[in-house]
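Have a look at the structure below before the remarks.
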Amino acid sequence: MFEAFYGMTHTPFSRDIPTEKLYDSPMMQEILGRLKYTAERQLFAVLTGDCGTGKTTTIRKFVDRLDDGQYKVLYLSDSKLTPRHFYKGLLEQLGCESKFYRGDAKRQLHREIELMRGIHGVQPVVVVDEAHLLDREMLEEVRFLLNFKMDAQSPMSLILVGQSELWDRLRLQSFTAIRQRIDIQFKLGHYDRAQSAEYIAMHLQYSGVTEQIFTDVALDEIHRFSGGAARIINKICTHCLLYGAQNRHRIIDDHMVKRVIEGELS
């Protein structure tokens, strides 16, 4: 409803915005570069970040920028992921029916990957999202998965994506063997005040708006409440636009932002 009031051609702050239209902070550009390097060199990477900072969005941008003819992305996101379901999920994405036993499925996956790389020249990139929810058995399986041809070669690029607690777990003494295999580790941080404003401006630009809707002090309030977390910024801005359209306000100031936060989001 607010789209018509503000003269928007697209809905800003929604989850279905094309990745090429999303805001690229310097931090995002650096992480995307490292993820690309991970795919090229078939490395093991861990991407962490606090809730709502855009980890899954980062992976979407990364995947969309990969050459489909050169890479095959296999994506898993399951809080109850077990080693058996891990191999089953990857093999199904490769169009194969998985063997029942874990060891057989693992050997089957290695064979399919060798065929993919040797015959078609395609490198697999495995992304495991919500990895902070993986249990100890599944994390240990990661270490065994990367053992290939007497540890001289990695069969795939592997990227674990999870909340900050994932790295806290991997730093424990009991996970030393896994941690030592990590080639690249990086954390997605929060936006600062300037970046939050640029993020909002980018989304409004995508929506087709040319004039400023949020005042500078309104942007201050949005950043203060959100802490620079993209997901919270999206929520506040959407609620503010709804409130503004319902009350016929073309400009959203700090008082309106505070009213929305206190009445709908606190």
Problem set entry | Lys235 atom NZ, over 12 foreign heavy atoms within 6.0 Å | no

Exercise. Between Phe2 and Tyr243, does the ring centre distance come in under 6.0 Å?
Worked result: no

Exercise. With a distance cut-off below 6.0 Å to the six-membered ring centre and an angular limit of 45° from the axis, does Arg136 pair with Phe175 as a cation-pi contact?
Worked result: yes

Exercise. Does a donor on one side chain sit under 3.5 Å from an acceptor on the other, for Glu165 and His132?
Worked result: no

Exercise. Does atom CZ of Arg193 have more than 12 heavy-atom neighbours, drawn from other residues, nucleotides or ligands, at distances under 6.0 Å?
Worked result: yes

Exercise. Does the cation-pi check pass for Arg34 over Phe62, that is, NZ or CZ under 6.0 Å from the six-membered ring centre and within 45° of its axis?
Worked result: no

Problem set entry | Within 45° cone of Phe100 ring axis and under 6.0 Å: Arg84 NZ or CZ | yes

For this session: Go through the steps to decide whether Asp24 and Arg65 satisfy the test salt bridge (Lys or Arg N to Asp or Glu O under 4.0 Å), and finish with yes or no.
Result: CA-CA 13 Å; Asp24 261 0; Arg65 295 182 184 186; 2.8 Å; yes

Problem set entry | side-chain contact (heavy atoms from CB on, under 4.5 Å) partner of Leu43, chosen from Ile184, Leu158, Leu35, Ile182 | Ile184

For this session: Assess the side chains of Asp64 and Thr19: does a donor N or O sit below 3.5 Å from an acceptor N or O?
Result: yes

For this session: Verify the neighbour count for atom CD of Glu211: are there more than 12 heavy atoms of other residues, nucleotides or ligands below 6.0 Å?
Result: yes

For this session: Look at Arg224 together with Glu221 and state whether they make a salt bridge at an N to O cut-off of under 4.0 Å.
Result: yes

